[in-house]
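Presented below is the structure to which this report refers.
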Amino acid sequence: MTAASTQPLIAELRRIVGQDYVLTQDDGADLRAWELDWRGRERGKALAVVRPASTQEVAQVVRACAATRTPIIPQGGNTGMVVGSTPDTSGTQVVLSLTRLNKVRQLDAGNMTITVDAGCVLQTLQEECEKAGFLFPLSLASEGSCTIGGNLGTNAGGTQVVRYGNTRELCLGLEVVTAQGEIWDGLLGLRKDNTGYDLRHLFIGSEGTLGIITGATMKIYPMPKSQLTAFAALPSLEAAVQLLGLAHEHLSAGLTGFEVMGQFALSLVNKHFPQQRVPFWQESPWCVVLENSDNESEEHARAQFERLLEAAMEAGCVTDAVIAENLAQAKALWHIRESIPLAQAQEGLNIKHDISINVSRIPAFVAETNALLEQKFPGARLVTYGHLGDGNLHYNVQAPEGVDQKRFLAEQEAPMNAVVYEVVDRYRGSISAEHGIGSLKIDKLPEHKSPVALGLMRNIKRALDPLNLMNPGKLLHTENH
Ligand SMILES: Cc1cc2nc3c(=O)[nH]c(=O)nc-3n(C[C@H](O)[C@H](O)[C@H](O)COP(=O)(O)OP(=O)(O)OC[C@H]3O[C@@H](n4cnc5c(N)ncnc54)[C@H](O)[C@@H]3O)c2cc1C
C-alpha cells in the first residue's frame, strides 16, 4: 500500500471527522500513544489514527474503511492487558479511537440506569453516578484511563464482581456500529426482553472483533450508607476459601470485595513501597482484604464484620484481623492490594497468568501447580493474588533472583505457560478470566477451547464481519475466513 493509494481514504476520513482528528505519520504526527501497548510489549504501525466525535461519524468512518477494505482497530483507553487495541506492524490498519465520544447521555433515577457514550472514562461515570447519589460498581485500578467501551469490549471484572458481576451483568443495552457501518440502537434499558437472541451479549467480550460499541446503558445501584474494609491474616488458602463461605453467610449481599494476597506478593509491596504499612505479611502465608457494604449504618456494618471475624477466628481460619476505622484507613488497605501489580513491575519482568477455577478447587490447584513449577523451574518466585471471591487468580511468576530476566522470559515463558495451562485444563478452568485474548494469547486459545465452541465463534465472526475488517489478528484466528 503506497501513500498515494491511501490518500483518497485519508481525505475522506478528514472530511468526516475534521482535519485535526485524523493523525498520520506522513503528516509528522507522533502516534506512539495509540500504537504502543501500555505494557510496552509491542508497538505497531497505524495507517492513521481517527478520532470521531459522534456515533454518526463512527458509522461513516466504518463505511469508508469497508469500501476500501481497510481494517479497523477500535481503541478506548489502551489499558488492556493482552495487546488487543493496538495495530499490527503492516501500516495498513486504522486505529479508531473512541475517546472523543465521552458524553453522559442520561441518568434515569427511576429506571436505575445511566446511558453514556462508549468513550466515557470509567471514573467519570462513577463520579456522575455518585453526584446523583448512586453507585456504579465497576471498579478497576485503571479506572482513571479505561473507557466503558473498552470495559464492555473486554467484559472487564475488577474488585466488586463478587457482588455485582462482570461488566456484562451491569449492561442493559448497547448502541453498536456494525462492520457494514449501520447503527444498531439497542439502548432500551429493559430488564426483560425475550424477543430472540440477546445481541448485546455477542458484542460484550468480543474485543472489537464484531463491531464498534458507541453507547451503553448500564445498571446503577443505591449508594451504600457504609462501606467497611477489613484485612485478615490466614494460615492457608483452604482457610481463605472457608472465610469466603463464612463471609457470604454473615454478610450476604453486603459482601462487595474479597481479595486474596500471598506472602511473596505482599513482601514485594513492602519492599518497593515501604511507606505503605502492610499488616501481618511477615507471619502469615496469606492475607485477605474484604469489604462490607451496608444500606443501614456504619454501626450495623461494623457489628456484622465483628461477628464474622469472631466466627472465623473460632473456626481457625483467621489468625488476626483489623477493621479500618475510617475512609483513609480503608483506602490504605485497598491500596496495598492495588499496589501488587506495580510492585511486581518494579521487581522486574514476570510472566502473568489470569486464570479462573471453581473457588472450591483453588487450594488444590495452587498446591499442585506450585509443586510442578518449583520442580521444573527452580528458583522461580510465585506471585499469587487476586479475586478469590470470583475464583480468579493472578497466578504470576517472577524470574529467579540474580538471573538475566530477559533471557529467563524468552526461554521459560512458553514452557511455563504450558505447565500452568495444562493444570488449568485438568481443573476445567479458564486461561483468561478477565483480561481477554487479544493478540497475546490468540495462539493459545485453540489449544484450550473446545473445537465446537471455536467453530461457533468463527461462524458468528463470519456472519457479522464477513470482510474480516474488525480488529483482525485479535481473539480469533480467521484463516479460511
Ligand atoms: C493498573 C491496571 C489494572 C487493571 N485491572 C483490571 C482488573 O482488575 N480487571 C480487568 O478486567 N481488567 C483490568 N485491567 C485491564 C484493562 O483496564 C481492562 O481490560 C479495560 O476494560 C480496558 O479498557 P480500555 O478502554 O483501556 O480498552 P482498550 O485497552 O483500549 O481496548 C481493549 C479491547 O477492547 C476493544 N475496544 C475498546 N473500545 C471498544 C469499543 N468502543 N467497541 C468495541 N471494542 C472496543 C479493543 O479493540 C480491545 O480489543 C487493568 C489494567 C491496568 C493498567
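Start at 1 and go down the list; that is how both ligands and their atoms are numbered. Quick note: numbers below take in every heavy atom, side chains included, and nothing from hydrogens, waters or symmetry partners.
Atom 24 (P) of ligand 1 has Gly77 N, 3.4 Å as its closest protein atom, hydrogens excluded (heavy atom only). Ranking the protein heavy atoms by distance from atom 23 (O) of ligand 1 puts Cys146 CB, 3.4 Å first. Among protein heavy atoms, atom 29 (O) of ligand 1 sits closest to Gly80 N, 2.8 Å. In this structure, the protein non-hydrogen atom closest to atom 3 (C) of ligand 1 is Ala141 CB, 3.7 Å. Atom 27 (O) of ligand 1 has as its closest protein heavy atom Gly150 CA, 3.4 Å. The single protein non-hydrogen atom nearest to atom 28 (P) of ligand 1 is Asn78 N, 3.6 Å, given as residue, atom name and distance. Closest protein heavy atom to atom 48 (C) of ligand 1: Gly84 O, 3.5 Å. Given atom 42 (N) of ligand 1, the protein heavy atom at minimum distance is Ile213 N, 3.0 Å.
Side-chain contact between Val116 and Ile114: present, with at least one pair of heavy atoms (C-beta onward) separated by less than 4.5 Å. The side-chain heavy atoms of Lys449 and Met457, taken from C-beta on, include a pair separated by under 4.5 Å. Taking the side chain as every heavy atom from C-beta outward, Thr86 and Leu36 never approach each other to under 4.5 Å. Looking only at side-chain heavy atoms (C-beta outward), Asp354 and Glu434 come within less than 4.5 Å of each other. Put simply, the side chain of Gln93 reaches to within 4.5 Å of the side chain of Pro472, judged on heavy atoms.
At under 3.5 Å, not a single nitrogen or oxygen of Leu140, backbone or side chain, sits near a nitrogen or oxygen of ligand 1.
A salt bridge is defined here as a Lys NZ or Arg NE, NH1 or NH2 lying under 4.0 Å from an Asp or Glu carboxylate O, and Lys271 with Glu347 meets this definition. A salt bridge does not link Arg43 with Asp37: every distance from a Lys NZ or Arg NE/NH1/NH2 to an Asp or Glu carboxylate oxygen is 4.0 Å or more. Under a 4.0 Å N-O distance rule, the pair Arg32/Asp30 does not qualify as a salt bridge. Salt-bridge formation is detected for the pair Arg105/Glu175: a Lys NZ or Arg NE/NH1/NH2 atom is positioned less than 4.0 Å from an Asp or Glu carboxylate oxygen.
Distances below 4.0 Å separate heavy atoms of Gly158 from the following atoms of ligand 1: 8 (O), 9 (N). Short contacts between ligand 1 and Asn151, defined as distances under 4.0 Å to a heavy atom of the residue, involve ligand atoms 20 (C), 21 (O), 23 (O). Counting atoms of ligand 1 from 1 in the listed order, those under 4.0 Å from a heavy atom of Ala156 are 11 (O), 21 (O). The atoms of ligand 1 that sit less than 4.0 Å from any heavy atom of Gly211 are 43 (C). For ligand 1, the atoms closer than 4.0 angstrom to any heavy atom of Gly208 are 43 (C), 44 (N). Near Pro74, meaning under 4.0 Å from any of its heavy atoms, are these atoms of ligand 1: 44 (N), 45 (C), 46 (C), 47 (O). Close contacts of ligand 1 with Asn471, meaning ligand atoms under 4.0 Å from a residue heavy atom, involve 47 (O), 49 (O). Annotation for ligand 1: atoms under 4.0 Å from non-hydrogen atoms of Leu98 are 41 (N).
With a 6.0 Å cutoff to the six-membered ring centre and a 45° limit on the axis angle, Arg14 does not count as a cation-pi contact of Tyr21.
Classification of the Tyr385-His394 ring pair by plane angle, with boundaries at 30° and 60°, yields tilted.
Within the 4.0 Å heavy-atom shell around ligand 1 one does not find Lys474.
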(request) Please lay out, stage by stage, how Asp88 and Lys474 fare under the test salt bridge (Lys or Arg N to Asp or Glu O under 4.0 Å). (result) CA-CA 10 Å; Asp88 67 15; Lys474 314 288 166 43; over 6 Å; no

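The closest heavy-atom contact to atom 2 (C) of ligand 1, among the options Ser142, Ser145, Ala433, comes from Ser142. The option from His435, His394, Met470 that lies nearest to atom 12 (N) of ligand 1, judged by heavy atoms, is His435. Around atom 33 (C) of ligand 1, the closest heavy atom drawn from Leu342, Val177, Thr154 belongs to Thr154. Of the options Gly157, Gly76, Gly215, Ala118, the smallest heavy-atom separation from atom 11 (O) of ligand 1 is shown by Gly157.
Neither the backbone nor the side chain of Leu152 comes within contact range of ligand 1; no heavy atom lies under 4.0 Å. Here Trp38 has side-chain heavy atoms under 4.0 Å from ligand 1, and that is the only part of it that gets that close. Contacts with ligand 1 closer than 4.0 Å are made by heavy atoms of both the backbone and the side chain of Thr79.
With sequence neighbours left out, the side-chain contact (heavy atoms from CB on, under 4.5 Å) criterion links Ser142 to Thr79, Leu140, Cys146. Here Tyr395 pairs with Phe365 under the ring pair (Phe, Tyr, Trp, His ring centres under 6.0 Å) rule; sequence neighbours left out.
Each of Leu13, Val17, Thr99 was checked for a side-chain contact (heavy atoms from CB on, under 4.5 Å) with Arg51, and the lone residue meeting it is Thr99.
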